[in-house]
Amino acid sequence: MNVDFETIEKEAITELHFPENDVLDDREEIEQRHVDLDRALSLGNLEHSKIKIFFEDDSSKRVVETTIWGVTDERVILKQGVVIPINRIYKSI
């Protein structure tokens, strides 16, 4: 999966634009995405572990290695208030 994704620094995410539509259309994949993000949140809070988030903005597919600080119904919150809309995330590992 990494081959198609361009690495981006967390700080650069604030410059990106995200369309409204979801990158996933399979219900099971969408549910799995939430499970994975909740797990990543726990790892970030307990062990300060970094994870990779694979996502897509309005121009390309990207991957960022970071710690998740929070998860809302619609967004993943990273350090320094950087957010990624959950519906634009393919997966997190």
Side-chain angles (χ1 to χ4, degrees):
M1 187 173 213
N2 290 9
V3 180
D4 299 335
F5 290 80
E6 172 191 348
T7 301
I8 187 173
E9 294 299 317
K10 175 187 75 235
E11 294 76 14
I13 293 173
T14 57
E15 306 296 318
L16 304 180
H17 298 280
F18 296 100
E20 295 289 317
N21 63 312
D22 202 313
V23 293
L24 300 179
D25 52 13
D26 181 75
R27 189 180 165 98
E28 286 181 18
E29 288 179 1
I30 291 170
E31 288 175 15
Q32 186 62 49
R33 175 174 60 194
H34 281 281
V35 169
D36 292 345
L37 289 172
D38 287 339
R39 194 173 133 266
L41 174 62
S42 298
L43 284 173
N45 287 337
L46 297 172
E47 302 172 22
H48 303 287
S49 300
K50 288 189 172 187
I51 56 130
K52 289 184 178 177
I53 301 173
F54 295 86
F55 67 98
E56 186 173 353
D57 65 0
D58 62 356
S59 63
S60 66
K61 294 180 177 180
R62 303 175 189 268
V63 59
V64 62
E65 189 166 349
T66 188
T67 303
I68 292 181
W69 279 39
V71 177
T72 70
D73 289 344
E74 298 180 353
R75 293 181 187 86
V76 170
I77 303 164
L78 313 177
K79 280 185 186 173
Q80 298 156 344
V82 175
V83 297
I84 301 174
I86 290 176
N87 66 345
R88 301 306 297 171
I89 296 174
Y90 285 97
K91 68 181 204 173
S92 57
I93 55 173

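Each residue takes its place number in the sequence, starting with 1.
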d(Q32 CD, R39 CZ) to nearest 0.5 Å is 9.5 Å
When every non-hydrogen atom of T72 is compared with those of I86, the smallest separation belongs to O-CD1, 3.3 Å
So side-chain hydrogen bond (donor to acceptor under 3.5 Å, both in side chains) across residues 59-70, not counting sequence neighbours, yields D57-S59, D57-R62, S59-R62, S60-R62
One should read off an interatomic distance between I51 CD1 and K91 NZ, to the nearest 0.5 angstrom, of 11.5 Å
Flag yes if F5 and V23 sit in one hydrophobic cluster, no otherwise; membership is Ile, Leu, Val, Met, Phe, Trp, Tyr, and two members link when side-chain heavy atoms are under 4.5 Å apart. yes
Open item on the list: Do F18 and N87 make a side-chain contact, defined as non-hydrogen atoms from C-beta onward lying under 4.5 Å apart?
Closed with: no
Check: Got a sec: does the CG of N21 have more than 12 other heavy atoms crowding it under 6.0 Å?
Finding: yes
Rounding to 0.5 Å, atoms CD (E11) and NZ (K79) come to a distance of 9.5 Å
Minimum side-chain heavy-atom gap I68-I53 below 4.5 Å
yes
Any F55 side-chain heavy atom under 4.5 Å of I8 side chain
yes
Sequence neighbours excluded, the answer for side chain to side chain contact (heavy atoms under 4.5 Å, CB included) partners of I30 is D22, L24, R33, H34
Tested for side chain to side chain contact (heavy atoms under 4.5 Å, CB included) against S92, the lone hit among L43, V64, D38, D36 is D36
Per side chain to side chain contact (heavy atoms under 4.5 Å, CB included), I84 is matched among L78, L37, L16 by L78
For K50, is the NZ atom crowded, meaning more than 12 foreign heavy atoms sit under 6.0 Å from it? no
